[in-house]
Amino acid sequence: MDGLSDLYDKISELAKRRGFFWPSYEIYGGISGFYDLGPYGTLLKNRIIEKWREYFIRRHQEYVVEIESPIVAPSVVFEASGHVEHFTDPIVSCLKCGRRFRADHLVEEALGTSVEGYSLEDLSKVIREHNIRCPFDNGELGEVKSFNLLFKTQIGPYEGDIGYLRPELAQGMFTAFKRVAETMRNKLPIGIAQIGRVGRNEISPRQAMIRLREFTIMEMEYFIDPEDKDNACPFFEEKANVKFRIQSYNMKLRGEEPQWFTLEEAVENKLIIDKCLGYWMVIGYEYMGSLGVPGSSMFFQEKGPHERAHYSKQTFDQVVRVSRWGWIEVAGHSYRGDYDLSRHMLYSKADLTVFKPYKESITIKTKKVRVDKSILGKIYKEKVYDIVNIIQNMPVESISEQLEKQGYLKIGDHHIPLEAVKIEEVEEKITGKKIIPHVVEPSFGVDRVLYVTLEYAYREKEGRVILSFPRDIAPIQAAVFPLLENDWDLIREARALYKILVDEGFQVLYDDTGSIGRRYARADEIGVPAAFTVDYRTLEDKTVTLRDRDTWKQVRVKIDNIPQALRLFLKGARLEDLGSPLS
RNA sequence: GCGGCGGUCGUCUAGCCUGGACUAGGACGCCGGCCUGCCAAGCCGGAGGUCCCGGGUUCAAAUCCCGGCCGCCGCACCA
């Protein structure tokens, strides 16, 4: 990217001028953290999403399905997920300089003790009692307030019914897991994907499309059997030799640069703790590659224990280099274990386990205690229930030992006679067991991916701007021009070709104003990969020129062949293979 | 939230310090006409601006002052 050291200004100017994106609610002065997508931005976003579907869902359709769940959830969902607790920070402001601090961190630092579980009032009290002051200018601190990054709302007319906007898609998949698993006939692995909008009430969003308060996420929860990890990732071998760069947390601490590993190496060296986690990282890597980001401009950065979210056992940020901000995260790849399903089981009381049948059922012989209640009832009357309960909770071994040694069983002060307690051998057939699946989660921020895609497509050539998108994600796929502005024969022919392409399902730009050069330039600027120009020869032999956005080279193609030629071109065919060279 | 800098046609910008001839100028883009046989060509014409918003100072404010909003940078924040 020579001479293009900071593309941000150029991209945002272009984005506004040509209609990719701009700040929302501009006519009211704007509100930070919200962006509109314009006509081309929307088309591009749709293609980026379609590509993701292709890489993550369609190619794995045997295991991975897509769902859609609501944006608003009742508070209990995010209590279960831990977001109400962990997404909230106690914050205190300095009354003198106005700086804000994490109240719990300040107190822990000053007192050297943990304040876990302290309420806001407790924290305020501690700060007052110990006269903890602002670490910058020693100013007095105000009351401790909570700041929660969840957007809060109310469901229905009842004030008690609090709802939250989802800050991630995952909880929708977890709460729907039971149904989806049933649909998928309860066989692991199961991937549940979702694409949708989320809200996070960021304290100070900035950096345009990079940090928004509302944005779109593409996310998958891939559920696996933790005891059978070898079969959890049936596609692993296909990608075992793909190389990509990783910077483990230890490497980061030692100040080491990210290094290249094959997927297999990374998993064998325990750099990545799980095969599936690694596999989806590779898919994420190839996905970003398909959007035009080279492998050298991307790596996976492991998060340290304190940098991780509360649910995560291991997390990698998939980072891409951009001109202004350096490495930015486009995706997070987390091993969430069984945290989420366990929590939802706890809060909802629903059984979210998957029954895992054994290959062959196992028969085990166990000893069981049988208590003859008719005998005990006569002796102990209303105390029978308690006594039976105690007996049945005792280890069978100690019961049989006591009975053998002393001929009775001692429960408190009671001697239970031998004939009331019998030990029997029972055969039990076990056909399988219930497991709580573990989860691997790749999660992409669409808006960041969109910005990154624009930056990597951006070129300047002879003072003109060209968006060299990979052909198959270009918002507009082809342009159709009559060579001259005012020649009705050319225009008629060009409009006919335009209609053919539209009917064939393509997104096409028709333009007949200005010189042909100007129109090529306009099309280049929004990244149209193919341009068809109708000229005077077209009227004679029904051929048109096909021009390549990136090389500006042209070939002649028969009109009848154009839809097929365009399809091939968008898939990456060489221009020279699609028509005859211009004479 | 704090500090610094900034906000002028669709876009980029001149003017602001030193208030008045600013009816806010230019370039690009856009629209119409002419011209034009393949890369932002030329000529003619045209549309387009609450000078971010609100208040104040002044005879007079794009310009000075205050508050707000928005943007960028740094800090803090980013489970």
Side-chain angles (χ1 to χ4, degrees), chain A residues 6 8-10 12-19 22-34 38 78 81-89 91-94 96-102 105 134-137 139 142 145 147-150 167-168 170 200-208 210-213 303 306-312 315 317 324-325 328-329 332 334 445 461-466 481-487 490 513-525 531-539 544-549 551-554 556 582:
Chain A
D6 193 342
Y8 171 74
D9 287 330
K10 292 177 177 183
S12 29
E13 185 267 327
L14 178 65
K16 268 188 256 178
R17 192 162 47 77
R18 297 306 307 270
W22 55 78
S24 301
Y25 311 116
E26 278 181 308
I27 63 165
Y28 287 106
I31 171 96
S32 78
F34 298 91
F78 293 113
S81 73
H83 284 89
V84 170
E85 184 187 350
H86 295 279
F87 221 48
T88 309
D89 293 335
I91 278 181
V92 67
S93 311
C94 169
K96 198 164 140 197
C97 68
R99 269 180 251 260
R100 295 177 75 182
F101 307 94
R102 282 284 294 270
H105 290 181
C134 172
F136 278 84
D137 58 9
K145 290 173 186 161
F147 186 82
N148 194 307
L149 266 47
L150 293 171
E168 59 169 19
R200 299 180 186 186
N201 202 0
E202 297 281 353
I203 295 171
S204 85
R206 225 186 262 167
Q207 306 172 332
I210 306 301
R211 246 176 94 198
L212 296 169
R213 287 189 166 121
K303 302 270 93 184
H306 301 295
E307 302 166 329
R308 284 199 295 263
H310 56 274
Y311 49 70
S312 168
T315 296
D317 280 353
R324 175 163 289 187
W325 302 294
I328 61 153
E329 177 192 349
S334 294
K461 182 173 177 180
E462 297 173 17
R464 289 165 36 170
V465 172
I466 300 163
F481 306 134
L483 180 62
L484 296 183
E485 247 180 313
N486 282 331
D487 189 309
L490 297 180
T513 57
S515 71
I516 189 69
R518 182 186 299 263
R519 283 176 271 154
Y520 284 142
R522 277 201 284 251
D524 286 347
E525 203 176 47
F532 298 101
T533 301
V534 170
D535 57 18
Y536 290 102
R537 206 174 132 189
T538 310
L539 305 178
V544 298
T545 62
L546 161 57
R547 169 199 182 262
D548 174 18
R549 171 197 66 199
T551 61
W552 297 2
K553 284 186 184 152
Q554 288 174 298
R556 286 204 85 85
L582 288 197

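Below, chains carry the letters A, B, ... as their sequence lines are ordered, and counting in each starts from 1. Note that the structure is a prediction, hence the values are computed from the model and not measured.
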**Student:** Would you measure the distance from the C1' atom in B:C12 across to the matching atom in B:G6 and give it in whole Å?
**Tutor:**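 So the two C1' atoms sit 15 Å from each other.
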**Student:** How far does the P atom of B:C28 sit from the matching atom of B:A40, given to the nearest Å?
**Tutor:**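 About 14 Å, rounded to a whole number of Å.
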**Student:** Would a distance-only check, ignoring hydrogens and angles, find a side-chain to backbone donor-acceptor pair under 3.5 Å from A:Arg200 to A:Pro167?
**Tutor:**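 Here the side-chain-to-backbone pair exists.
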**Student:** Between P on B:C78 and CG on A:Asp317, what's the gap in Å once rounded to a whole number?
**Tutor:**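 Computing the A:Asp317:CG to B:C78:P distance gives 14 Å.
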**Student:** With P as the reference atom in both, quote the distance from B:G56 to B:G48 in angstrom, rounded to an integer.
**Tutor:**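 Each nucleotide's P atom is 31 Å from the other's.
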**Student:** Is there a donor-acceptor pair closer than 3.5 Å between any side-chain N or O of A:Glu485 and the backbone N or O of A:Thr513?
**Tutor:**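 Between the backbone of A:Thr513 and the side chain of A:Glu485 there is no qualifying donor-acceptor contact (under 3.5 Å).
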**Student:** Under a 4.5 Å cut-off applied to non-hydrogen side-chain atoms, are A:Val84 and A:Leu150 in contact?
**Tutor:**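 In contact.
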**Student:** Could you identify the nucleotide paired to B:G19, looking across every strand shown and requiring Watson-Crick or G-U wobble geometry with both distances under 3.5 Å?
**Tutor:**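 Partner of B:G19: none.
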**Student:** Can you check the distance between B:G46 and B:C5, where both ends of the measurement are the P atom (answer in whole Å)?
**Tutor:**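 It comes out at 43 Å once rounded to the nearest Å.
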**Student:** Scan nucleotides 32-45 of chain B nucleotide by nucleotide, 5' to 3', and note B when protein non-hydrogen atoms come under 4.0 Å of the base, S if they reach only the sugar-phosphate, - if neither.
**Tutor:** --SBBBBBBS----
**Student:** My understanding is that a pair needs two contacts under 3.5 Å, Watson-Crick or G-U wobble. By that rule, which nucleotide pairs with B:G42?
**Tutor:**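 Across any shown strand, B:G42 pairs with B:C34.
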**Student:** Among residues at least two apart in sequence or on other chains, which ones pass side-chain hydrogen bond (donor to acceptor under 3.5 Å, both in side chains) with A:Asn486?
**Tutor:**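 If we apply the side-chain hydrogen bond (donor to acceptor under 3.5 Å, both in side chains) test to A:Asn486, skipping adjacent residues, there are no hits.
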**Student:** Quick check against the 3.5 Å criterion: does A:Arg519 have a side-chain atom that pairs as donor or acceptor with the backbone of A:Pro482?
**Tutor:**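 Yes; at least one donor-acceptor contact below 3.5 Å.
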**Student:** Considering only heavy atoms from C-beta outward, does the side chain of A:Trp552 approach that of A:Ile466 to under 4.5 Å?
**Tutor:**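 With C-beta onward as the side chain, the pair touches.
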**Student:** To the nearest Å, how far apart are A:Glu168 CD and B:C78 C1'?
**Tutor:**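 After rounding, the gap between these two atoms is 15 Å.
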**Student:** In whole Å, I'd like the distance from the NZ atom of A:Lys16 to the P atom of B:G7.
**Tutor:**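 Rounding to the nearest Å, NZ of A:Lys16 and P of B:G7 are 13 Å apart.
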**Student:** In terms of the nearest nucleotide of RNA chain B, which residue is placed more toward the 5' end: A:Glu26 or A:Trp325?
**Tutor:**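 The 5'-side residue here is A:Glu26.
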**Student:** Among A:Arg18, A:Arg547, A:Lys461, which residue meets the salt bridge (Lys or Arg N to Asp or Glu O under 4.0 Å) test with A:Asp524?
**Tutor:**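 So the option named by the test is A:Arg547.
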**Student:** Closest nucleotide of RNA chain B for A:Ile27 versus for A:Arg308: which of these residues is on the 5' side?
**Tutor:**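 Result: A:Ile27.
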**Student:** Please give the nucleotide sitting opposite B:C70 as a Watson-Crick or G-U wobble pair, both distances under 3.5 Å, or none.
**Tutor:**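 For B:C70, the partner nucleotide comes out as B:G6, under the 3.5 Å rule.
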**Student:** Is there a Watson-Crick or G-U wobble partner for B:A27 with both distances under 3.5 Å, and which nucleotide is it?
**Tutor:**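 Because both required distances fall under 3.5 Å, B:A27 counts as paired with B:U11.
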**Student:** To the nearest angstrom, how far is A:Leu14 atom CG from B:G29 atom C1'?
**Tutor:**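 From A:Leu14 CG to B:G29 C1': 13 Å.
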**Student:** Now, which nucleotide makes the Watson-Crick or G-U wobble pair with B:A62, with each of the two distances under 3.5 Å?
**Tutor:**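 Per the H-bond distance test, none.
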**Student:** From CZ of A:Arg211 over to C1' of B:C72, roughly how many Å is that when rounded to an integer?
**Tutor:**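 After rounding, the gap between these two atoms is 14 Å.
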**Student:** Less than 4.5 Å apart, any side-chain heavy atom of A:Leu490 and any of A:Phe481?
**Tutor:**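 No, side chains not in contact.
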**Student:** Considering only atom C1', compute the distance from B:U36 to B:A41 and round it to an integer number of Å.
**Tutor:**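 The answer is 9 Å between these two C1' atoms.
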**Student:** So, does A:Trp22 get its side chain near the phosphate of B:G10, meaning an N or O under 4.0 Å from OP1 or OP2?
**Tutor:**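 No.
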**Student:** Considering only nitrogen or oxygen atoms on both sides, find all protein atoms under 3.5 Å from nucleotides 68-71 of chain B and state each distance.
**Tutor:**
from	atom 1	to	atom 2	distance (Å)
B:C70	O4'	A:Gly29	O	3.2

**Student:** Find the partner of B:C51: check Watson-Crick (N1-N3 plus N6-O4 or O6-N4) and G-U wobble (N1-O2, O6-N3) distances, both under 3.5 Å, and reply none if neither fits.
**Tutor:**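 In the structure as shown, B:C51 has no Watson-Crick or wobble partner.
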**Student:** For atom P, what is the distance between B:G71 and B:A62, given to the nearest Å?
**Tutor:**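 Straight-line distance between the two P atoms is 26 Å.
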**Student:** Is it the case that the side chains of A:Ser81 and A:Tyr311 hold a donor-acceptor pair, with the cut-off being a distance below 3.5 Å and no angle test?
**Tutor:**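 Looking only at side-chain atoms, A:Ser81 and A:Tyr311 do not form any donor-acceptor pair under 3.5 Å.
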**Student:** I need the A:Ser24 OG to A:Arg213 CZ distance, nearest 0.5 Å.
**Tutor:**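 Here the interatomic distance stands at 12.0 Å.
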**Student:** Between B:G74 and B:U63, how far is it from one C1' atom to the other, in whole Å?
**Tutor:**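 29 Å, rounded to whole Å.
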**Student:** Can you check the distance between B:G7 and B:C43, where both ends of the measurement are the P atom (answer in whole Å)?
**Tutor:**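 B:G7 and B:C43 have their P atoms separated by 33 Å.
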**Student:** I need the minimum non-hydrogen distance between A:His83 and A:Asn148, along with the two atoms involved.
**Tutor:**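 What the structure gives for the nearest pair is O-ND2, 4.2 Å.
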